[in-house]
Amino acid sequence: MKIIRDIPSLRGQVRRWRGDSKTVGLIPTMGSLHAGHLSLVRQAKLDCDFAIATIFVNPTQFAPSEDFDTYPRDEARDIALLEEMGTDLLFSPDVGEMYADGFSTSVSVSGLSECLCGAARPHFFGGVATVVSKLLLQSLPDRAYFGEKDFQQLQVIKRMAQDLDIPVDIRGVPTMREDDGLAMSSRNKYLSPEERSVASTLYRVLQDVAQKFADGANAGAALAEGVATLRATGFDPIDYLEIRDSETFEALKTDNGKARVFVAAHLGGTRLIDNAAVPNQVVS
Ligand code: PAF
């Protein structure tokens with residue numbers, strides 16, 4: 001696996017590959033890789049001739065009170081995992097390469113960015129949209145891969161690429177889960193053994209709300225019960241537990257066939273997020 005840390009070398013390599021009529025898939029990450037990230041690499045390898053992973057812990061998507069400094073970093077381990085997966089190139093720039101002195105531009109996606117995680121973390125999607133648009137323009141891949149665990153992020157990035165005419169196909173890949181259902185996340189490392197043993201309640205609540213909604217139960221009652229279960233398990237605060245349209249993020253009271261349940265809640269000092277589709281009704 002080639003390791004590149006500067007933008008001109010990245011551009012040169014991708015230009016050569018594309019000049020040979022090869023296709024390129026990009027997997028943007030912040031490192032601390034787990035099986036969820038590796039499933040993105042696997043999908044890129046299936047779809048494209050070459051897979052490029054990026055590792056960049058992006059300061060602009062963290063608020064000053066958040067975990068930028070303590071975010072888990074282990075590049076040697078990440079490199080070994082990417083090599084095992086047959087990744088062709090790692091782009092791992094430093095902060096100065098991505099944000100040169102005088103950097104003054106930000107990309108903001110209105111509407112989709114404003115609810116759910118955007119309400120709880122107002123800085124977040126601007127930072128993500130800015131860094132992802134830069135990574136896409138630096139590498140100009142054919143496709144780019146993002147996990148559905150960050151479902152709102154995926155939709156914001158799709159909108160951004162479409163609005164800015166960036167010629168890339170943005171692909172979502174299903175969430176990878178631990179055996180008990182907890183969505184894989186680099187931040188799961190922060191959980192104490194006690195917190196880890198109850199963390200999968202988040203997914204059980206999502207499934208329960210999704211099933212009740214599909215069965216026609218009152219949405220407000222199903223959500224209130226879900227919040228009560230999370231509180232009883234020790235989640236506090238709960239940023240949101242909501243049912244929304246999976247494309248527009250409009251809040252839903254009845255199923256429109258595109259409903260998804262979204263949750264973000266804190267367990268100890270760790271903020272966990274997850275989401276689940278409302279199962280489709282079988283019409284007999
Ligand atoms: O999902 C992530 O790890 C990050 O938000 C991303 C997309 C790599 C942008 O920094």
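Every number for a ligand or one of its atoms is a count from 1 in the order of the listing. Since we're looking at a predicted model, the values are computed, not measured.
Checking Gln211 against Asp208 by side-chain atom types alone, no donor-acceptor pair falls below 3.5 Å. A side-chain N or O of Tyr99 and one of Thr60 form a donor-acceptor pair less than 3.5 Å apart.
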Enumerate donor-acceptor pairs with a distance under 3.5 Å from any side-chain N or O in residues 34-41 to protein atoms, sequence neighbours excluded.
residue	atom	partner	partner atom	Å
His34	ND1	Gly36	N	3.0
His37	ND1	His34	N	3.0
Ser39	OG	Gly36	O	2.7

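Phe50 and Trp17 have parallel rings, their planes meeting at less than 30° on a 0 to 90° scale where 60° marks the start of perpendicular.
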Hey, what polar pairs (N/O, under 3.5 Å) does ligand 1 make with protein?
residue	atom	partner	partner atom	Å
ligand 1	1 (O)	Gln153	NE2	2.9
ligand 1	5 (O)	Gln61	NE2	2.9
ligand 1	5 (O)	Gln153	OE1	2.7
ligand 1	10 (O)	Gln61	OE1	2.7

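Between Glu195 and Phe235 there is no side-chain heavy-atom pair separated by less than 4.5 Å.
Atom NZ of Lys189 has more than 12 heavy atoms from other residues, nucleotides or ligands within 6.0 Å.
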